[in-house]
Every structure is written in C-alpha cells, then in structure tokens.
Amino acid sequence: MPEEVTIAVVGATGAVGLEFLKVIEERELPVGSVRLFASSRSVGRQLTVNGVPYTVQQASPGCFDGVDFAFISVSAELSQQLALQAVEAGALVIDASSAFRMDPGVPLVVPEINGQDVEDHSGIIAIPNCSTTQMVMAIAP
C-alpha cells in the first residue's frame, strides 16, 4: 500500500477546488490528511473529503509545512506567492491559475496528452485553462 500523503487545496471552496477534492476521492488517493485554504469569506466552512470533515482556513506563513502536494486554484498574483511558499516547504504544486503557464521552466501539462512532462519540473506543474484542455484533447489524435 502506498504511503499516505498530505494534500493542500488552495481555493478549496471554488469550482476548481471542489473538483480537486472530488478527484481526490474518486481516485482513492492514499490521503493521510487534507488542508483546505480559501479566502476569508470561506474560513471556518466545513468540507468533507473521504468521509472526514476538514475546516477551511486562510493560508498563512508555514501553512504548507509537511504538505506533499498542493493543488492551487486562485488568482495568478496570489498563486505566485503561495506556490513558491509551498515549493519552499517541500510540496509539489499543481497550479490551475495563469501564473506559470508561460514560464519556460514550468511544464504545462494535460495528462492525457503530455503526461510524461510531469517528470521535468522544479516543484510546480501548470495546467492550461479549461478551453485549452478541451481543444488539445480533441485535436491530439
């Protein structure tokens, strides 16, 4: 059995954040704990992942300590700050914002198309926006 991991979801109460949580459950990832972060409007809200309730917090210095994977879906400006903090704390970041999409040092990955590119990263992997993902999925074959 794989080792349990700690996952952080930044923007947890937004549409993409909720989808990240859904995928965590559907893929039956070996999750030891989940840390949920969102704006001050959502702080204190409870979300359930794999039957376990977690309380949404606001990201703060040190919040990524011990995190293995950080899924981030917030504004580009905020993502640039938080993604770098997460990487410094040792997490692998999957970023859904536009912050790193044009950065030549950050792979832009659609797993069904270029999944092998996740091997060549410096702690951050970017994902394209939803319309680009659908388009490349259709034209790739």
Take Val31 and Val49 through the side chain to side chain contact (heavy atoms under 4.5 Å, CB included) test and state the conclusion after the steps. CA-CA 9 Å; Val31 177; Val49 181; 5.6 Å; no
What's the verdict on side chain to side chain contact (heavy atoms under 4.5 Å, CB included) for Tyr54 and Leu47, showing C-alpha distance, side-chain angles and the deciding distance? CA-CA 5 Å; Tyr54 294 95; Leu47 297 175; 5.6 Å; no
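The two atoms that bring Ala96 and Val16 nearest to each other are CB-CG1, 4.1 Å, heavy atoms only. The shortest non-hydrogen separation linking Val106 to Ala126 is CG1-N, 3.7 Å.
Rounded to the nearest 0.5 Å, atoms CG (Asn129) and CE (Met135) are 8.5 Å apart. One finds the CD1 atom of Ile124 at 5.0 Å from the CG atom of Leu84 (value rounded to the nearest 0.5 Å). Taken from CG in Leu92 to CD1 in Ile7, the straight-line distance is 10.5 Å, to the nearest 0.5 Å.
Side-chain heavy atoms closer than 4.5 Å link hydrophobic residues (I, L, V, M, F, W, Y) into clusters, and following such links, possibly through other members, connects Val52 to Leu36. Val118 and Val110 fall into different hydrophobic clusters, where Ile, Leu, Val, Met, Phe, Trp and Tyr residues are linked whenever their side-chain heavy atoms come under 4.5 Å apart, directly or through other members. In the hydrophobic clustering of this structure, Ile127 does not group with Leu82; members are Ile, Leu, Val, Met, Phe, Trp, Tyr whose side-chain heavy atoms approach within less than 4.5 Å, directly or through other members.
Applying the side chain to side chain donor-acceptor pair (under 3.5 Å) rule to Ser73 yields no partners; only residues at least two apart in sequence or on another chain are considered. Thr48 is linked by a side-chain contact (heavy atoms from CB on, under 4.5 Å) to Pro53, counting only residues two or more places apart in sequence or in another chain. Legend: residues meeting side chain to side chain donor-acceptor pair (under 3.5 Å) with Asp103, ordered by chain and number and at least two apart, are absent. Arg27 pairs by the side-chain contact (heavy atoms from CB on, under 4.5 Å) definition with Val23, Leu29, not counting sequence neighbours. Judged as a side-chain contact (heavy atoms from CB on, under 4.5 Å), and not counting sequence neighbours, the contacts of Gln57 are Phe37. Evaluation of the side chain to side chain donor-acceptor pair (under 3.5 Å) rule for Ser122 yields no partner, not counting sequence neighbours. For Glu28, there are no side-chain contact (heavy atoms from CB on, under 4.5 Å) partners at least two apart in sequence or on another chain.
Under a 3.5 Å cut-off, the side chain of Glu25 and the backbone N or O of Asn50 do form a donor-acceptor pair. Within the 3.5 Å criterion, the main-chain N or O of Leu78 finds a donor-acceptor partner in the side chain of Ser75.
Screening Val93, Val87, Val10 for a side-chain contact (heavy atoms from CB on, under 4.5 Å) involving Phe64 leaves a single residue, Val10. Remark: of the listed residues Ile72, Val56, Ile94, Ile24, Ile24 is the sole one forming a side-chain contact (heavy atoms from CB on, under 4.5 Å) with Val9.
When the shell of 6.0 Å around CD of Glu77 is examined, it contains 12 or fewer heavy atoms from other residues, nucleotides or ligands.
Applying the side-chain hydrogen bond (donor to acceptor under 3.5 Å, both in side chains) test to every pair with at least one member in residues 29-46, sequence neighbours left out, gives these pairs: Thr6-Ser33, Thr13-Ser42, Gln46-Thr55. Residue pairs meeting the side-chain hydrogen bond (donor to acceptor under 3.5 Å, both in side chains) criterion with at least one member in residues 85-100, sequence neighbours excluded: Ser79-Asp95, Ser79-Ser97, Asp95-Ser97. Sorted by first and then second residue, the ring-ring contact (aromatic ring centres under 6.0 Å, His included) pairs with a member in residues 71-103 read Phe20-Phe71; sequence neighbours excluded. Within the structure, no pair that satisfies the ring-ring contact (aromatic ring centres under 6.0 Å, His included) test touches residues 117-141, not counting sequence neighbours.
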